[in-house]
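One is the number of the first residue; the rest follow in order along the sequence.
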Amino acid sequence: MTERQKDRPWLMRTYAGHSTAEASNELYRRNLAKGQTGLSVAFDLPTQTGYDPDHILARGEVGRVGVPVSHLGDMCRLFQDIPLERMNTSMTINATAMWLLALYQVVAEEQGADAGKLQGTTQNDIVKEYLSRGTHVFPPGPSLRLTTDMITYTVNHIPKWNPINICSYHLQEAGATPVQEIAYAMSTAVAVLDAVRESGQVPEERFGDVVARISFFVNAGVRFVEEMCKMRAFGRIWDRVTRERYGITDAKQRRFRYGVQVNSLGLTEAQPENNVQRIVLEMLAVTLSKDARARAVQLPAWNEALGLPRPWDQQWSLRIQQVLAHESDLLEYEDIFAGSHVIEAKVDELVTDSLAEIDRIQQMGGAMAAVESGYLKSELVSSHAARRARIEGGDEKIVGVNIYESTEPSPLTADLDAAIMTVDPANEAKVVAALQEWRDNRDEARATEALAVLKKAAAGTENMMEATVECARAGVTTGEWSWALRDVFGEFRAPTGVSSAPVAVTAEEGTPLALVREKAARTAADLGAGRLRLLVGKPGLDGHSNGAEQIAVRARDAGFEVVYQGIRLTPEQIVSAAVAEDVHCVGLSILSGSHAALVPDVLTRLRRAGAGDIPVIVGGIIPPADAEALIGAGVAAVFTPKDFGITEIIGRIVDEIRKANKLDPLEVPA
């Protein structure tokens with residue numbers, strides 16, 4: 001048999017980081033030793049949203065979903081003994097992307113590296129933060145300027161760096177259809193490239209260098225034929241946009257360059273072992289087709305719907321990639337879908353529909369205008385509500401969730417509390433103490449001067465990257481850098497999309513929603529209220545609001561008056577709103593792991609305010625032991641990803657309201 005020449009495999013990463021810079025560094029070096037070929041850094045929520053670990057909103061969040069990086073010392077420890085000049089590093093960071101890139105550059109220089117040789121990516125897509133992930137800080141205009149300044153700086157100083165990853169990944173998590181994914185991501189790319197061109201910071205003859213460094217980060221769901229066609233459509237549209245709108249004649253500069261994390265939304269808490277085959281199918285969507293193959297792949301772990309994966313779980317996901325790349329013959333062939341009439345028809349359909357939606361967004365004034373008007377968010381909330389309705393109705397089948405639910409006991413989850421990794425609650429105090437020591441030992445005058453220069457640059461028109469790099473060298477902290485820009489730019493609270501979302505589930509007589517509406521109406525009458533009032537709260541820094549939004553929309557459709565103020569609230573603010581609005585129930589949504597610190601605080605504050613009789617329910621990724629502890633602390637009910645029936649959850653909320661108010665149970669099934 002003739003030996004075929006194999007293509008080079010894609011970059012293999014695992015998204016990782018937790019507790020401290022030291023602990024994360026150890027994890028990275030272990031993963032690299034196992035054959036991982038690139039790094040993907042997960043930062044904790046305070047770092048992503050521009051708060052130091054000692055800020056009130058950071059409480060319970062430090063080191064939970066990623067590594068805390070507060071200053072140059074943390075960044076040095078994070079990459080200790082990892083030669084950055086030879087590494088390809090992806091950093092999931094957006095609102096504070098400029099700051100983390102500056103820290104990375106300075107660490108590399110202190111290692112003796114040439115900044116011109118640094119390779120990697122900063123995510124830096126702020127539009128999808130407004131729409132789905134919630135780690136935005138500044139308003140759209142200043143955020144776009146920060147992105148523009150970063151792009152122009154890297155083109156001139158770090159030319160191998162990808163300064164932005166336009167993300168459709170999180171849009172799919174928020175409910176986007178393939179057409180919405182393509183259209184919204186492309187509209188974001190157009191907004192960014194237009195801003196760079198209009199800034200005048202890059203000569204026209206070098207604009208191809210800008211286009212060549214734009215990368216994308218996409219999602220791959222379990223419908224792998226459609227997902228693979230989506231990637232081909234992405235490539236065709238990007239080629240067309242860059243050629244026709246920006247006049248890029250070099251085909252290499254027009255190439256659609258993307259990395260992928262396969263779909264975490266589809267991972268289930270019920271029968272989580274099924275997640276392994278889901279992950280494999282989703283990986284095939286972005287690797288089987290050579291002409292649409294990802295440049296980098298990172299896979300979630302089978303137990304991410306349960307909590308934080310352990311190193312062994314991440315190793316399992318890495319091995320999935322390695323088996324495909326090194327044991328199969330996939331990389332020996334040209335594109336195996338070339339000439340398929342089925343594939344071509346589906347790609348043509350996606351291209352046509354996506355271009356039509358892109359045109360619609362452009363007519364509104366572009367992606368930024370569509371964010372500020374609430375159009376994009378409302379469309380995503382609606383799409384997500386429709387998907388949830390299909391799952392609840394059984395039209396969209398999920399094995400182990402709404403079909404084939406009977407199961408043998410799983411040895412993987414025999415001890416659920418041991419099946420995930422936990423972060424020591426004492427970790428936060430150690431990080432805060434180390435931050436104080438850093439502040440005490442730095443050159444305070446230099447740090448103060450660097451921040452003054454940054455604010456002056458922000459208030460003017462000069463590129464902010466040089467001033468940011470000096471802040472990094474001067475020992476400025478993440479929170480100080482962000483607050484300096486908050487002072488100039490202000491903060492932004494994105495539209496929630498809840499009020500304008502259409503009804504997704506019918507409420508004809510006899511349907512589950514109609515029965516819950518009857519329960520809610522009778523309970524309101526029993527309490528002498530016009531309607532039941534539900535406060536949906538997102539305490540802390542967790543910006544993943546999809547679940548909270550779907551609860552709010554369904555409660556509204558069940559006849560509730562819903563109070564939902566969006567993300568990033570303190571327990572004090574939530575309790576104040578609950579008392580002021582005289583609500584009948586408080587629902588808290590937390591996916592970051594901070595529930596152990598924040599939920600008891602809400603309960604305590606409600607009691608102090610004389611509102612301790614208001615039932616509190618909690619939803620999120622909450623391990624069984626934590627759920628028991630919350631119930632013991634006074635929480636009325638805990639819901640996790642296995643509780644996919646939103647209408648049933650609303651019915652339970654009505655039951656808890658009746659119980660708290662000493663009303664007899666209703667014999668209305670729901």
Side-chain angles (χ1 to χ4, degrees), residues 94-95 124-134 136-148 151 164-199 211 214 216 218-219 230 233-234 236-238 240-246 349-386 489-502 504 543 545-546 549 553 566:
N94 297 280
N124 203 20
D125 174 0
I126 206 66
V127 170
K128 64 93 175 50
E129 297 301 321
Y130 299 135
L131 298 178
S132 61
R133 197 164 168 271
H136 54 275
V137 177
F138 313 110
S143 294
L144 188 57
R145 182 183 161 200
L146 283 164
T147 301
T148 298
I151 291 172
I164 188 169
N165 238 345
I166 308 293
C167 296
S168 74
Y169 175 89
H170 311 85
L171 303 180
Q172 187 180 113
E173 297 274 289
T177 65
V179 167
Q180 289 172 327
E181 271 189 75
I182 296 169
Y184 297 178
M186 285 294 163
S187 296
T188 298
V190 166
V192 168
L193 287 174
D194 283 358
V196 172
R197 185 168 60 180
E198 291 164 9
S199 76
V211 172
I214 303 297
F216 291 77
V218 305
N219 204 327
K230 179 185 75 181
F234 252 129
R236 291 186 193 178
I237 293 175
W238 182 241
R240 175 172 169 173
V241 167
T242 53
R243 186 179 66 251
E244 295 181 0
R245 189 178 183 95
Y246 302 108
E349 175 191 329
L350 289 171
V351 168
T352 299
D353 292 348
S354 298
L355 288 173
E357 182 64 11
I358 292 169
D359 287 343
R360 186 175 297 112
I361 292 168
Q362 289 305 115
Q363 290 168 12
M364 295 177 184
M368 292 301 180
V371 166
E372 293 185 274
S373 71
Y375 169 77
L376 296 184
K377 183 64 174 178
S378 178
E379 290 294 296
L380 288 177
V381 171
S382 299
S383 294
H384 199 184
F489 298 143
E491 291 190 78
F492 183 71
R493 294 194 70 80
T496 67
V498 168
S499 60
S500 55
S545 57
N546 302 332
E549 289 156 1
V553 169

When you measure from the side chain of [X] to the backbone of [Y], do you find a donor-acceptor pair of N or O atoms at a distance under 3.5 Å?
X	Y	answer
Thr242	Trp238	yes
Ser383	Ala176	no
Tyr246	Val190	yes
Ser168	Leu171	no
Ser378	Tyr375	no
Asn546	Glu173	yes

According to salt bridge (charged side-chain N to carboxylate O under 4.0 Å, His left out), who are the partners of Lys128, at least two apart in sequence or on a separate chain? none
Only counting residues at least two apart or in another chain, list the ones meeting salt bridge (charged side-chain N to carboxylate O under 4.0 Å, His left out) with Glu244. Arg240
Quick one, [X] and [Y] - any side-chain contact, counting heavy atoms below 4.5 Å?
X	Y	value
Asn165	Asn124	no
Pro140	Glu372	yes
Glu129	Val371	no
Ile237	Val351	yes
Phe138	Arg145	no
Ser132	His384	no

In Å and rounded to the nearest 0.5 Å, what is the [atom1] to [atom2] distance from [X] to [Y]?
X	Y	atom1	atom2	answer
Ser382	Glu549	OG	CD	10.5 Å
Ser354	Glu349	OG	CD	9.5 Å
Leu193	Ile214	CG	CD1	5.0 Å
Glu357	Gln362	CD	CD	11.0 Å

Considering all heavy atoms of both residues, which atom of [X] and which atom of [Y] are nearest to each other, and what is their separation?
X	Y	result
Ala233	Leu350	CB-CB, 3.9 Å
Ala185	Phe216	O-CE2, 4.4 Å
Arg197	Arg245	NH1-O, 3.3 Å
Gln180	Leu380	OE1-CD2, 4.3 Å
Ile361	Ser187	CD1-OG, 3.5 Å
Asp125	Asn94	N-OD1, 3.0 Å

